[in-house]
Every structure is written in C-alpha cells, then in structure tokens.
Asks: 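Got a structure for you, written out below as structure tokens; questions coming shortly.
FYI, the numbering just counts along the sequence from 1. Order of appearance sets the numbers: ligands from 1, and atoms from 1 within every ligand.
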Amino acid sequence: MSVRVGILGATGAVGQRFIQLLDDHPTFELAAVTASADSAGKTYREAAKWRVDTPIPDDVAEMEVVETSPAGIADADVDLLFSSLPSGVASEVEPAFLEAGYVVSSNSSNDRMATDVPLTIPEINPEHLQLIEVQRDERGWDGALVKNPNCSTITMVPTLAALDEFGLERVHVTTLQAVSGAGYSGVTSMEIIDNAIPHIGGEEAKMETESRKLLGEFTGAEVRLHGADVAASCNRIPTLDGHLENVFVEFADEPSPAALREAMRSFESADLPSSPDQLIKVFGDDEPDRPQPRLDRTYAGGMGIVAGGVQETATGAKYNCLAHNTIRGAAGASLLNGELLVEEGYV
Ligand SMILES: NC(=O)C1=CN([C@@H]2O[C@H](COP(=O)(O)OP(=O)(O)OC[C@H]3O[C@@H](n4cnc5c(N)ncnc54)[C@H](OP(=O)(O)O)[C@@H]3O)[C@@H](O)[C@H]2O)C=CC1
Ligand SMILES: N[C@@H](CC(=O)OP(=O)(O)O)C(=O)O
C-alpha cells in the first residue's frame, strides 16, 4: 500500500528531516513540497538551503516547491500532510487544509493543548487519536489534525510513562538543549559559544502542560490531564543535536533503582515502521556518564530514547534522559503519528 504525502514548510530545518526520513519509506510517497511565497515556483534544490548530513534525494531535488495552500497542492493527489511551519503561520493555514478534508500530522506548537486535538506519541497514548471524532463533530472538518509534542517534552515523557506504574506524583526536570532546537538562525554563535543560556521562551510551560496531557486518560470524550506536578527549567547549551535532561521524580511507591531501570528497559514500543524495537535504552551503574548527546543521539536512528544515571534520592529517584531533538523530537515524531493515522484507518 502506498500513501501519497506532502510536507508543509518542506524547506526548513524540520522539513529537511522529513525529506530525509521519507526517503525509502515503506509506505509514504512524497508528492508535494510547500514553503513560503519566496520559494514557490523554484525547484526544491534552489529553494532549500540543505543542511542535513545526507544528500537531497534526486527525485526531491527537482520537485517544484508550491505555495502553502490547498490550491497549491490540488494537483498532487495527497492523502496525508506533514506540517513543519512556524507556529504563527501554521495557526493561520492549517485550518484551511482541514476544512478542505486533509489529514494533517503537525509538528508546530499551535493547538497542542486544544481539548479536541490529539497530542500523541504512538508508543505512549495511541488511544488519544480517537479525539479526532470529537474534533470533527466540534469543528465540522472533514480532515483531521494530530499534533506531536515539543522536543524536550517527548524526550522525557516515554520515561515517565514507563515509571507511572509506581504512582508518579511529582516531576522536576532541568534540560540542556541543543542549538538546532532553535532553528538554523535561532541562536547566534556569539551568544552560545563558551556559554549556557538559562531561558528558552515558552519551553518550560510546554513541558509542564504537554506532559500531563500525553500521560492523561482518554475518557471517550476528553483527555483528563495526569495528576502529577511537573516543573521544568530549560537551558540552551552549545551542543548541535540531542536534548539531555536531568529528571527528579517522586512516587506513591518506593521502587528501587533496579526496578526503575527494568521498567524503562521493558517498556513496550509500537509496531509501526519507524518505531524502534526497544523504545528506551537504559545504561546501568557501570556507565554513570551516559547518555551523552554526541554518543547517544543516534540510538535507533535518532528515534529512540536513552536513559541512565538512575539513583535513589531522599524523596524518590533521579535519572538522565536524552533524545535527538530534530528526529524523535520533531520530524520523526510527526512521521510516526502519520504511520499511526494510517494504521488506525484515518488515512
Ligand atoms: N528546529 C527544531 O529542532 C524544531 C522545530 N520545531 C518546530 O517546527 C516548526 C518548523 O521549525 P523549523 O523547521 O526549525 O523552521 P524553519 O524556519 O527552518 O522553516 C520554516 C518553514 O516554513 C516555511 N514558511 C515560513 N513562513 C511561511 C509562510 N508565511 N507561508 C508558508 N510557508 C512558510 C519556510 O519556507 P521558506 O524556506 O520559503 O522560508 C520553511 O519551509 C516550528 O513550528 C518549530 O517551532 C519543533 C521541534 C524542533
Ligand atoms: N523550543 C524547542 C524547539 C521547538 O521549536 O519547540 P516547539 O515544537 O515546541 O515549537 C527548542 O528550542 O529546542
């Protein structure tokens, strides 16, 4: 079975990752690439400042970039759209595609917390996809909108999902985030070399709210947010890719570090083409200095989560986790949601 897909915002940092991940995908066939009016009409090679570490696939390089509107992609006969637009643009243009009947798997942050929009990680809360029925009733769309979470949130939430069996009550997290998360021009070299910046606009609130929605319970009509308190402190550091996070957790139970490690290691992955066989790789006491961004961000092709440093604290436990922010944290997360949409019959 082949599904024709398009990418909205295909020339950007995340759009380029989509193109890399879609090359040789078993199901998805890239049929449309859109960008801003400045890029429309150019070939993809002319329009994109290609920065990914593999060449532009030959067939994509010669595709014409079209404008980001339903009219722009009308001839492409697309079944599914991936969206990697700036969130201000996405909030304006995504509704037009939804009204026109397109199914959109979006990476942009607008509408992630909307009560009728599924925010999903296929290995964690695939059942939340059923919110699409509520969304269609409320908005009158023929299409459907599903979002993936923020890159720092998706790094931590699989580990929390694995540990929730011990009665998760409180989470404190400090992030060390790579510069690619801010986009190519997001942080200047003068700002970040020999430095760390203890502020990333809006990031802490995203981690604190999106994680509770992802871990929440779907009642059939709504998602009840998970009851845990989540507090985040977000920092930019001079790594290129891979967000590292220090997590402090408190539980109703008193699990041992060994039990925590085993719960993360054995947490089930999903049976989708881009899911890793083992979702969370866990380092033991013998390697206390892992995970590290440079050594561990490509675990499972950048689609996995890596944890380590699990230790008891006076009130619970602490550990470190890491994921590739533009693969599992962005394009790869949307791609997986697209695979879930196909599997569940929404495409
Ligand atoms: N960078 C990252 O690691 C992560 C980014 N994200 C989110 O993903 C989204 C994309 O980020 P990123 O790829 O870094 O952004 P970029 O700025 O690199 O790319 C933006 C894309 O949107 C297009 N675009 C910009 N303005 C318009 C417009 N008015 N109409 C139509 N298309 C437009 C651009 O086209 P053109 O080339 O023609 O300007 C380009 O294709 C953002 O919402 C971001 O917050 C999420 C997680 C991680
Ligand atoms: N803010 C993230 C990247 C990002 O764009 O997140 P979001 O998808 O929530 O907009 C970072 O700087 O690393």
Side-chain angles (χ1 to χ4, degrees), residues 6-20 32-52 64-73 81-94 96-97 105-113 119 147-156 175-187 192 197 199-211 214 232 234-237 239-245 293 297 302 322-335:
I7 306 170
L8 309 179
T11 51
V14 177
Q16 293 183 19
R17 281 287 180 202
F18 272 122
I19 284 171
Q20 186 185 43
V33 286
T34 87
S36 74
D38 288 347
S39 301
K42 296 178 182 167
T43 63
Y44 187 81
R45 190 195 301 282
E46 289 166 340
K49 275 193 179 163
W50 187 257
R51 304 193 194 280
V52 174
E64 182 185 341
V65 176
V66 296
E67 69 171 50
T68 304
S69 68
I73 61 163
L81 287 169
F82 295 108
S83 174
S84 52
L85 295 163
S87 55
V89 177
S91 62
E92 294 290 319
V93 307
E94 284 178 354
F97 288 96
S105 173
S106 171
N107 178 67
S108 308
S109 59
N110 54 298
D111 284 326
R112 282 189 189 141
M113 291 303 292
L119 177 69
K147 294 273 170 178
N148 56 268
N150 162 270
C151 45
S152 306
T153 308
I154 206 169
T155 300
M156 169 181 73
T175 68
L176 299 100
Q177 297 183 219
V179 291
S180 61
Y184 190 76
S185 315
V187 188
I192 198 67
I197 302 174
H199 174 73
I200 300 174
E203 196 82 351
E204 294 169 355
K206 287 177 188 173
M207 291 192 81
E208 290 164 1
T209 56
E210 291 177 18
S211 55
L214 288 156
C234 296
N235 302 275
R236 184 78 67 201
I237 60 157
T239 45
L240 284 179
D241 291 312
H243 289 354
L244 176 63
E245 306 184 356
R297 62 194 168 205
L322 176 126
H324 195 299
N325 54 299
T326 63
I327 302 180
R328 172 49 86 155
S334 278
L335 183 71

Asks: Is any side-chain heavy atom of Leu240 closer than 4.5 Å to one of Val179?
Replies: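 When only atoms from C-beta onward are counted, Leu240 and Val179 do touch, with a gap below 4.5 Å.
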Asks: So Arg112 and Thr209, do their side chains get closer than 4.5 Å, heavy atoms only?
Replies: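 Thr209 vs Arg112: side chains apart.
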Asks: Closer than 3.5 angstrom, by distance alone: can the side chain of Thr68 be matched with the main-chain N or O of Leu8 as a donor-acceptor pair?
Replies: no
Asks: Distance-only, no hydrogens or angles: does the Ser91 side chain make a donor-acceptor pair with backbone N or O of Gly88 under 3.5 Å?
Replies: yes
Asks: Report all protein residues having a heavy-atom distance below 4.0 Å to some atom of ligand 2; order the list by chain, then number.
Replies: Asn107, Ser109, Arg112, Asn150, Cys151, Gln177, Gly181, Ala182, Ile200, Glu203, Lys206, Arg236, His243
Asks: Any donor-acceptor pair under 3.5 Å linking the side chain of Ser83 with the backbone of Asn107?
Replies: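 No; zero donor-acceptor contacts below 3.5 Å.
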Asks: ring-ring contact (aromatic ring centres under 6.0 Å, His included) with Tyr44: which residues, sequence neighbours excluded?
Replies: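 With sequence neighbours excluded, Tyr44 shows a ring-ring contact (aromatic ring centres under 6.0 Å, His included) to no residue whatsoever.
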Asks: List below, pair by pair, the N or O atoms of ligand 1 and of the protein that are less than 3.5 Å apart, including the distance to 0.1 Å; reply 'none' if no pair qualifies.
Replies:
residue, atom, partner, partner atom, Å
ligand 1, 1 (N), Ser180, O, 3.1
ligand 1, 3 (O), Ser180, O, 3.2
ligand 1, 6 (N), Asn107, ND2, 3.4
ligand 1, 8 (O), Asn107, ND2, 2.8
ligand 1, 13 (O), Ala13, N, 3.1
ligand 1, 13 (O), Val14, N, 2.8
ligand 1, 18 (O), Ala13, N, 3.0
ligand 1, 32 (N), Ser36, N, 3.3
ligand 1, 35 (O), Thr11, OG1, 3.2
ligand 1, 35 (O), Ser36, N, 3.4
ligand 1, 37 (O), Thr11, OG1, 2.5
ligand 1, 38 (O), Ser36, N, 3.1
ligand 1, 38 (O), Ser36, OG, 2.6
ligand 1, 38 (O), Ser39, OG, 2.5
ligand 1, 41 (O), Gly9, O, 3.2
ligand 1, 41 (O), Thr11, N, 3.2
ligand 1, 41 (O), Thr11, OG1, 2.6
ligand 1, 41 (O), Gly12, N, 3.2
ligand 1, 43 (O), Leu85, O, 2.8

Asks: What pairs of residues pass the salt bridge (charged side-chain N to carboxylate O under 4.0 Å, His left out) test when at least one of them lies in residues 82-94, not counting sequence neighbours?
Replies: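 Output for this query lists Glu94-Lys147.
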Asks: Arg297 side chain to Asp241 main-chain N or O, any donor-acceptor pair under 3.5 Å?
Replies: yes
Asks: Looking only at heavy atoms, which two atoms of Gly242 and Asn325 are closest? And how far apart?
Replies: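 It is N-OD1, 2.7 Å.
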